[in-house]
Amino acid sequence: MTQPDARGQAGTRSDATRIEAAWDDPKLANILYHDWEAETYDEKWSISYDERCIKYARDRFARIAGTRGWPYRKALELGCGTGFFLLNLKQAGVLDEGHVTDISPKMVEVAKRNGERLGFRIEGRVADAEEIPYQDDTFDLVVGHAVLHHIPDVAQAMREVLRVLKPGGRFVFAGEPTEKGDWVARRLSRLTWWVTTRVTHLPPLKGSWARPKDELRASSEAAALEAVVDLHTFDPGELRALCEQAGAIEVRTVTEELTAAWFGWPVRTFECAVNPDRLGWRWATFAYQMWQRLAELDEKLLSRVVPDRFFYNVLVTGVKPSG
């Protein structure tokens with residue numbers, strides 16, 4: 001079988017054949033899926049580069065790694081997507097010089113373009129996280145958001161992260177799904193999809209609230225491919241041990257989003273299932289503010305009484321030994 005080269009191409013093989021092959025090749029699936037998503041990804045996930053998302057990125061980083069050492073001089077984002085995490089951390093003053101990598105060529109293009117729009121020049125490279133194309137001891141900081149669960153060999157990727165970090169350098173990964181949190185979120189999403197698509201196609205609502213069936217079919221197909229690119233969920237303790245086995249020290253994990261995830265995932269599914277013209281600024285404000293309040297409840301109260309493995313997201317940080 002012809003394998004994709006570093007630019008995500010696969011010779012003369014047709015797109016249909018590549019898509020079929022992707023079901024058995026998670027790296028190819030990640031290239032195709034994220035290339036396809038690149039231009040609409042920020043809109044789909046309500047990603048922005050204003051104070052809302054700057055605060056989100058800054059708070060995630062500070063919660064797991066603190067504020068000491070800011071700004072990190074030279075930073076790399078692994079699996080950058082559209083550059084959401086690195087660019088917002090840069091705006092927050094967490095880092096200075098920025099570099100991004102992703103297995104998806106189009107995601108790298110969009111991340112660089114987003115940086116240019118913000119007035120930042122960032123270097124971008126198409127790269128497999130299991131073979132990071134930088135020399136040893138290059139970066140003061142490596143970050144990633146919702147990337148580890150896409151990587152087939154997470155242990156190898158962590159060894160690569162530690163290799164490219166300078167001695168004493170830090171890594172921070174956020175937005176990774178836990179095993180139990182993901183189990184609940186997916187079932188809430190499926191239930192929401194089933195109810196919403198049926199109710200909005202009833203005669204009184206069909207004309208104004210229903211999303212066309214061809215768009216619903218496309219969303220269902222995309223969700224099916226997500227099952228191929230979403231490879232892992234994590235137990236916080238096991239993720240911590242994996243990082244330590246890769247050679248990291250001062251490894252720490254925290255979890256977040258319990259009720260916020262129970263609210264957020266059905267909301268996101270509802271938004272994908274209905275006519276978007278029916279949802280305006282007021283809806284977006286309500287959804288975001290409610291998620292914020294629930295996230296604060298989870299952090300300040302429920303995290304004290306609920307075991308961390310039940311929360312949806314796990315964050316992890318660690319340091320490369322100086323010796």
**Message:** For the residue pair D42 / T82, report whether a side-chain donor-acceptor contact shorter than 3.5 Å exists.
**Reply:** yes

**Prompt:** At what distance, to the nearest 0.5 angstrom, does CG of N30 lie from CD of E37?
**Reply:** 11.0 Å

**Message:** Is it true that, when you exclude Q156 itself, more than 12 heavy atoms of the residues, nucleotides or ligands shown sit nearer than 6.0 Å to its CD?
**Reply:** yes

**Asked** Between the side chain of D102 and the main-chain N/O of G81, is any donor-acceptor distance below 3.5 Å?
**Response** yes

**Prompt:** Which heavy atom in I31 sits nearest to a heavy atom in I103, and how many Å separate them?
**Reply:** CG1-O, 3.5 Å

**Request:** Can you measure from CD (E299) to OG1 (T255) and round to the nearest 0.5 angstrom?
**Result:** 10.5 Å

**Message:** Just checking E131: does its CD atom have more than 12 heavy atoms from other residues, nucleotides or ligands closer to it than 6.0 angstrom?
**Reply:** no

**Request:** Would you check if R211 and T200 make a side-chain contact, meaning some heavy-atom pair closer than 4.5 Å?
**Result:** no

**Request:** Mind running side chain to side chain contact (heavy atoms under 4.5 Å, CB included) on R117 and Y49 for me, showing each step along the way?
**Result:** CA-CA 10 Å; R117 288 173 179 168; Y49 301 90; over 6 Å; no

**Prompt:** Hey, does F173 have a side-chain heavy atom less than 4.5 Å from the side chain of F234?
**Reply:** no

**Message:** Is the ring pair W209/F270 parallel, tilted or perpendicular, if the boundaries are 30 and 60 degrees?
**Reply:** tilted

**Prompt:** Does one hydrophobic cluster hold both L315 and L239, with members joined at side-chain heavy-atom distances below 4.5 Å?
**Reply:** no

**Asked** When you check the gap from the basic side-chain N to the acidic O, do K90 and E77 get nearer than 4.0 Å?
**Response** no

**Message:** Test your reading of the model: is there a side-chain donor-acceptor pair from T233 to the backbone of P177, 3.5 Å cut-off?
**Reply:** no

**Prompt:** Going hydrophobic residue to hydrophobic residue with side-chain gaps under 4.5 angstrom, can you get from V142 over to L162?
**Reply:** yes

**Prompt:** So, for A62 and T67, which heavy atoms are closest and what is the spacing to 0.1 Å?
**Reply:** CB-CG2, 4.0 Å

**Prompt:** Taking side chain as C-beta onward, heavy atoms only, is I132 less than 4.5 Å from L76?
**Reply:** yes

**Message:** Between D59 and R63, does any side-chain N to carboxylate O distance fall below 4.0 Å?
**Reply:** no

**Request:** Output, in order, the C-alpha distance, side-chain angles, deciding distance and verdict of side chain to side chain contact (heavy atoms under 4.5 Å, CB included) for Y41 and V110.
**Result:** CA-CA 10 Å; Y41 194 77; V110 173; over 6 Å; no

**Asked** Cation-pi between R60 and F85: NZ/CZ under 6.0 Å from ring centre and within 45° of the ring axis?
**Response** no

**Fill in**
Between T317 and F171, the two heavy atoms sitting closest are OG1-O, 2.7 Å

**Asked** Given the rule in the side chain to side chain contact (heavy atoms under 4.5 Å, CB included) test, do W262 and L258 qualify, once you have shown the distances and angles that lead to the verdict?
**Response** CA-CA 6 Å; W262 298 348; L258 181 67; 3.6 Å; yes

**Prompt:** To the nearest 0.5 Å, what is the distance between OG1 (T196) and CG (L191)?
**Reply:** 8.5 Å

**Linked, directly or transitively: V100 and V143 (ILVMFWY side chains, under 4.5 Å)** = yes

**Asked** Do Y288 and V267 come within less than 4.5 Å of each other through their side chains, counting heavy atoms only?
**Response** no

**Asked** Which heavy atom of D308 sits nearest a heavy atom of P236, and at what distance?
**Response** OD2-CB, 4.0 Å

**Prompt:** When clusters are formed by joining ILVMFWY residues with side-chain heavy atoms under 4.5 Å apart, either directly or through shared neighbours, do M158 and V319 land in the same one?
**Reply:** no

**Message:** Do R170 and Y72 form a cation-pi contact, if we require the NZ or CZ to be under 6.0 Å from the six-membered ring centre and within 45 degrees of the ring's axis?
**Reply:** no

**Asked** Looking only at heavy atoms, which two atoms of I47 and R52 are closest? And how far apart?
**Response** C-NH2, 4.3 Å

**Item:** Close side-chain approach of R240 and V251, heavy atoms under 4.5 Å
**Value:** yes

**Within 45° cone and under 6.0 Å: R282 NZ/CZ vs F286 ring** = no

**Side-chain ion pair, E51 and R58, N-O less than 4.0 Å** = yes

**Fill in**
Paired with E39, the salt bridge (charged side-chain N to carboxylate O under 4.0 Å, His left out) test is passed by just one of K106, R113, K44, namely R113

**Message:** Do L118 and Q91 have side chains that approach each other closer than 4.5 Å (heavy atoms only, starting at C-beta)?
**Reply:** yes

**Asked** Should D136 and R163 count as an ion pair when the cut-off is N to O under 4.0 Å?
**Response** yes

**Request:** Go through Y312 and W265 one step at a time and tell me if the ring pair (Phe, Tyr, Trp, His ring centres under 6.0 Å) criterion holds.
**Result:** CA-CA 10 Å; Y312 179 75; W265 279 103; 5.6 Å; yes

**Complete:** When rounded to the nearest 0.5 Å, the distance separating CG of N114 from OG of S48 is 11.0 Å

**Gap between atom NZ of K166 and atom CG of L141 - 0.5 Å precision** = 11.0 Å

**Message:** Please give me the minimum heavy-atom distance between S208 and N275, naming the atom from each residue.
**Reply:** O-ND2, 3.1 Å

**Request:** Find the distance between CZ (R268) and OG1 (T192) and round it off to the nearest 0.5 Å.
**Result:** 13.0 Å

**Prompt:** Tell me, do F139 and K74 make a side-chain contact under 4.5 Å, heavy atoms counted?
**Reply:** yes

**Prompt:** W283 and V199: same hydrophobic cluster, using ILVMFWY side-chain contacts below 4.5 Å?
**Reply:** yes

**Request:** Specify whether Y56 and W291 have parallel, tilted or perpendicular ring planes, treating 30° as the upper limit for parallel and 60° as the lower limit for perpendicular.
**Result:** tilted

**Message:** Testing H232, H149, H145, H150 one by one against E176 for a side chain to side chain donor-acceptor pair (under 3.5 Å), which residue passes?
**Reply:** H149

**Asked** Is any side-chain heavy atom of E130 closer than 4.5 Å to a side-chain heavy atom of I151?
**Response** yes

